[in-house]
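Positions are given from 1, in the same order as the sequence printed here.
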Amino acid sequence: MQKIIFLFLALSLLACQQDEADKPKVETRGTGAVGLNKAVLQAELLEVGPIKPVQYGFLWSTTNGVDVISAQGKVVVGESSEGELPFSYEVTNLSPGTDYFVRAFASTNGFTNIYYGEEIAFTTSLPADYVRTLVADELTNSTAKLNGELIDLNELTTAQYGFVWALTPFNSILQGNVVVTGTASTPLTYQSTLTSLQAQTTYYYRAFVSNEEATVVVYGDLLSFTTTN
């Protein structure tokens, strides 16, 4: 009786292993060359299973949990009867400054059976001419008025804008003091007055604009001003 039970368990385990091996496996590898409205999607078809050929490609959307039903974009890159096949695709016509979610897929029998890779996220960039840093004015020994301009929002429906400033030159929003002036959906000029500054001191500043989530930040030129005596 014990031998029969052991044999049954062994056969069941073997069947489970075979079922797992029978499924195509695909891995979402990442993205490259992300630009204003495009990105190169990368993946690999690891295994194909017994049903051949297997179609493979990508799904993408601006909301997470993307699948073949909810995807805003879908592309079949090709089909293969062999695994260990890297593949990529350049997706275009994306919106600048936008978060996207992508996953690779493999399918058999048309789209009867669909198998997904992991979902990953990327964010398209914003053009450098979104924002301009203007010359500071109304300087005193403890205050200064910073000026900036939103030039063209393009497809960015709502922009968060402001200034970053510091006592030393800097490159990113993480290296200075941040002043968020507001949000806008149309081009405009804007100002912000700094107070409690040190007399006869040079400060560095630059205007910035970002998407609402602040996942993408674009800067104007780095300028400076010196407070009076």
Side-chain angles (χ1 to χ4, degrees), residues 30-40 60-64 72 91-102 119-229:
T31 58
V34 177
L36 299 177
N37 52 20
K38 64 181 181 179
V40 176
W60 62 91
S61 178
T62 53
T63 56
N64 62 0
Q72 296 171 342
V91 57
T92 58
N93 297 319
L94 302 178
S95 298
T98 302
D99 295 328
Y100 283 91
F101 301 88
V102 61
E119 180 178 275
I120 62 173
F122 69 92
T123 304
T124 51
S125 60
L126 294 173
D129 61 353
Y130 260 47
V131 63
R132 180 180 298 150
T133 310
L134 303 179
V135 175
D137 57 16
E138 298 183 12
L139 303 177
T140 71
N141 62 358
S142 62
T143 64
K145 187 179 75 172
L146 308 184
N147 299 290
E149 181 181 8
L150 292 181
I151 301 171
D152 188 355
L153 299 183
N154 291 327
E155 297 182 50
L156 191 65
T157 54
T158 303
Q160 179 176 262
Y161 59 90
F163 299 96
V164 187
W165 61 276
L167 283 167
T168 56
F170 59 90
N171 294 316
S172 82
I173 201 169
L174 301 176
Q175 298 172 311
N177 304 286
V178 179
V179 179
V180 177
T181 307
T183 58
S185 56
T186 57
L188 51 76
T189 57
Y190 62 95
Q191 301 80 32
S192 181
T193 299
L194 304 183
T195 61
S196 301
L197 303 177
Q198 302 175 31
Q200 288 186 300
T201 302
T202 299
Y203 290 86
Y204 298 86
Y205 70 101
R206 64 198 317 170
F208 79 87
V209 61
S210 73
N211 56 358
E212 287 187 280
E213 299 79 12
T215 53
V216 176
V217 183
V218 174
Y219 303 96
D221 292 335
L222 181 69
L223 301 183
S224 67
F225 66 85
T226 302
T227 52
T228 62
N229 188 357

Pair Y219-I173, side-chain contact (heavy atoms from CB on, under 4.5 Å): steps then yes or no | CA-CA 9 Å; Y219 303 96; I173 201 169; 3.1 Å; yes
Would you check if the side chain of N177 reaches a backbone N or O of W165 as a donor-acceptor pair within less than 3.5 Å?
-> yes
Show your reasoning for whether side-chain contact (heavy atoms from CB on, under 4.5 Å) applies to V179 and L194.
-> CA-CA 9 Å; V179 179; L194 304 183; 4.2 Å; yes
Polar side-chain atom of Y161 near backbone of A207 as donor-acceptor pair, under 3.5 Å = no
Given the rule in the side-chain contact (heavy atoms from CB on, under 4.5 Å) test, do V131 and F208 qualify, once you have shown the distances and angles that lead to the verdict?
-> CA-CA 6 Å; V131 63; F208 79 87; 5.6 Å; no
Report the distance from atom CG of N147 to atom OG1 of T193, rounding to the nearest 0.5 Å.
-> 8.5 Å
Between the side chains of D99 and T123, does any donor sit under 3.5 Å from an acceptor?
-> yes
Residue list, salt bridge (charged side-chain N to carboxylate O under 4.0 Å, His left out) with E149, at least two apart or on another chain | R132
Taking all non-hydrogen atoms of both residues into account, name the closest pair between Q200 and T226 and its distance.
-> C-CG2, 4.2 Å
Look only at the side chain of E119 and the backbone of N64, and say whether a donor-acceptor pair between them is shorter than 3.5 Å.
-> no
Distance, nearest 0.5 Å, that separates CG of D137 from NZ of K145 | 4.5 Å
Should L197 and T143 be marked as a side-chain contact (heavy atoms from CB on, under 4.5 Å) after you check the CA-CA gap, both sets of side-chain angles, and the distance that decides it?
-> CA-CA 6 Å; L197 303 177; T143 64; 5.5 Å; no
Heavy-atom closest contact (T202 atom, S224 atom, distance) = CG2-CB, 4.1 Å
Heavy-atom closest contact (Y205 atom, L134 atom, distance) = OH-O, 2.7 Å
Minimum heavy-atom separation for A199 to T227, with atom names?
-> C-OG1, 3.3 Å
Backbone N or O of L222 within a donor-acceptor pair of the T133 side chain at under 3.5 Å?
-> no
Sequence neighbours excluded, every pair satisfying salt bridge (charged side-chain N to carboxylate O under 4.0 Å, His left out) that has a member inside residues 171-181 | none
Can you name the nearest heavy-atom pair linking T228 to T140, along with the distance?
-> OG1-C, 2.9 Å
Minimum-distance pair of heavy atoms, taken over all atoms of L94 and A39 | CD1-N, 4.2 Å
Are any non-hydrogen side-chain atoms of L139 and Y203 less than 4.5 angstrom apart?
-> no
Is a side-chain donor or acceptor of T124 paired with a backbone partner of S95 at a separation under 3.5 angstrom?
-> yes
Assess whether atom NZ of K38 is packed by more than 12 heavy atoms of other residues, nucleotides or ligands within 6.0 Å.
-> no
In Å, rounded to the nearest 0.5 Å, how long is the span from CG of L36 to OG1 of T98?
-> 10.5 Å
Can you label the angle between the F122 ring and the Y100 ring as parallel, tilted or perpendicular, going by 30° and 60°?
-> parallel
Do V135 and F225 come within less than 4.5 Å of each other through their side chains, counting heavy atoms only?
-> no
Taking the six-membered ring for Trp, are Y204 and F170 ring centroids under 6.0 Å apart?
-> no
